[in-house]
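None of the values given here were measured: they were computed from a predicted structure. Values below: all heavy atoms of this structure, side chains included; hydrogens, waters and symmetry mates excluded.
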Amino acid sequence: MIIPCYNVSAHLPTLIRSLHGNLRSDFEFVFVEDASTDSTGDALDELTADLPGARVVRHEVNLGLSAARNTGLAHAEGTYLAWLDADDWIGPGYLDQLVRVIERLGCEFVRTDHVRVTGRRRTVVRSPETRRNLVIAPRSAITPPFRSTSVDYPMAWAGVQHRRLAERGLLTFDERLATCADRHWVWRLHREAESFATVGLLGVFHRHDEPDSLSRLNDPRHLHFLDALRLIMTETQADREAELLLPKAVDAACALINFHVTKRARLSLEMQRQLVERSVETLDAMPSDVLDYVLDHGSPRRRTLLTRMRRDPAALAA
């Protein structure tokens with residue numbers, strides 16, 4: 001299991017306790033300390049000292065989540081690879097169950113459900129893929145548009161992958177993306193891998209909407225989701241089944257842009273202006289016929305907002 005760590009000293013005791021409930025002689029835990037500015041480094045040394053299979057890899061400078069995940073991937077030695085955010089935790093025996101599932105199914109990757117943690121509240125979040133415990137082609141789980149599918153559930157930590165995917169270059173994260181790298185990652189995985197399955201296994205407890213999340217801060221990296229959308233669009237247009245997949249890629253992009261623009265009031269005025277202007281640029285870069293089709297057949301409310309935004313971005317930003 002690969003666990004990037006940056007300024008998470010307060011969460012590490014809960015995480016490490018959960019890993020002690022998931023020990024097996026062939027399990028490894030690769031912690032990547034991404035040059036934290038708090039006591040994360042010291043806490044890792046102390047808390048992993050008696051954790052079997054634990055290794056700590058350190059960055060000299062802060063490189064971000066994607067780079068930390070890639071560093072962990074380069075140091076991991078196991079047949080199966082899983083991610084975990086350092087402010088989350090896992091239930092007892094979860095990793096053993098996860099490995100047994102992918103071994104039994106014999107597929108290249110497995111996606112799971114998870115538990116969302118918001119304060120003291122716990123909510124089960126299901127993957128949109130309804131075909132459970134069946135090995136299927138990942139491409140078949142991308143479409144159709146206008147419905148939530150497996151690529152709309154992009155969390156890298158919700159599942160496990162076989163090492164052969166890493167050997168084919170399908171598990172690395174784009175280090176240019178400080179946010180939304182998971183979404184680009186999951187689209188590539190579904191386009192390029194050969195087999196996967198979705199199972200109703202609950203074990204990851206994910207802290208949702210934390211106060212220091214980039215999505216809640218006035219940080220330019222917040223807008224990297226638009227860069228991720230452009231990458232997805234470019235790669236999908238080059239795909240052998242572009243005609244089939246593009247409507248879904250455009251619909252998913254429109255949904256994400258609509259979400260962020262609707263929530264723009266939490267950003268500074270300058271960030272709101274950049275958000276609207278760059279969103280319009282992203283929409284205008286899409287194949288016009290596919291965008292028109294998606295806007296005509298998708299959510300009427302979304303169509304109203306995005307059409308208004310394209311016609312008069314300055315007014316919406318103001």
With a 4.5 Å heavy-atom cut-off, do Leu171 and Trp185 have their side chains touching?
yes
Applying side chain to side chain contact (heavy atoms under 4.5 Å, CB included) between Thr307 and each of Arg311, Met309, Arg310, report the one that passes.
Arg311
Can you tell me if His224 and Arg176 form a side-chain donor-acceptor pair at under 3.5 Å?
no
Can we call the ring centroids of His184 and Phe225 under 6.0 Å apart?
no
I would like to know whether Tyr94 and Trp89 meet ring-ring contact (aromatic ring centres under 6.0 Å, His included); could you show each step before the answer?
CA-CA 10 Å; Tyr94 168 71; Trp89 71 93; over 10 Å; no
Treating Asn7 as the side-chain partner and Ser36 as the backbone partner, does any N or O pair qualify as donor plus acceptor under 3.5 Å?
no
Looking only at side-chain N and O atoms, does Asp38 offer a donor or acceptor that is under 3.5 Å from a partner on Ser9?
yes
Short question: side chain of Arg164, backbone of Gln161 - any donor-acceptor pair under 3.5 Å?
no
Quick check: do Arg126 and Arg132 have side-chain heavy atoms less than 4.5 Å from each other?
yes
So, Ser150 and His190: side-chain donor and acceptor under 3.5 Å apart, yes or no?
yes
I want to check something: taking the side chain as every heavy atom from C-beta on, are Ser66 and Asp174 in contact at a cut-off of under 4.5 Å?
no
Side-chain touch Arg104/Val110, heavy atoms, less than 4.5 angstrom
no
May I ask you to decide if the ring planes of Phe146 and Tyr293 are parallel, tilted or perpendicular, using 30° and 60° as cut-offs?
tilted
Donor-acceptor contact present, side-chain Ser268 to main-chain Met271, <3.5 Å
yes
More than 12 non-hydrogen atoms from neighbouring residues, nucleotides or ligands closer than 6.0 Å to CZ on Arg131, yes or no?
yes
Are the side chains of Val115 and Val204 in contact, using a 4.5 Å heavy-atom criterion?
no
Would you say the side chain of Tyr153 lies within less than 4.5 Å of the side chain of Val125, judging by non-hydrogen atoms?
yes
Do the two ring centres, one from His162 and one from Tyr80, sit under 6.0 Å apart?
yes
When the ring centroid of Tyr6 is compared with that of His59, is the distance short of 6.0 Å?
no
Count the heavy atoms belonging to other residues, nucleotides or ligands that lie under 6.0 Å from CD of Glu243, then report whether that count exceeds 12.
no
After noting the C-alpha distance and the side-chain angles of Asp182 and Phe173, does the key distance pass the side chain to side chain contact (heavy atoms under 4.5 Å, CB included) rule?
CA-CA 7 Å; Asp182 284 23; Phe173 293 82; 3.7 Å; yes
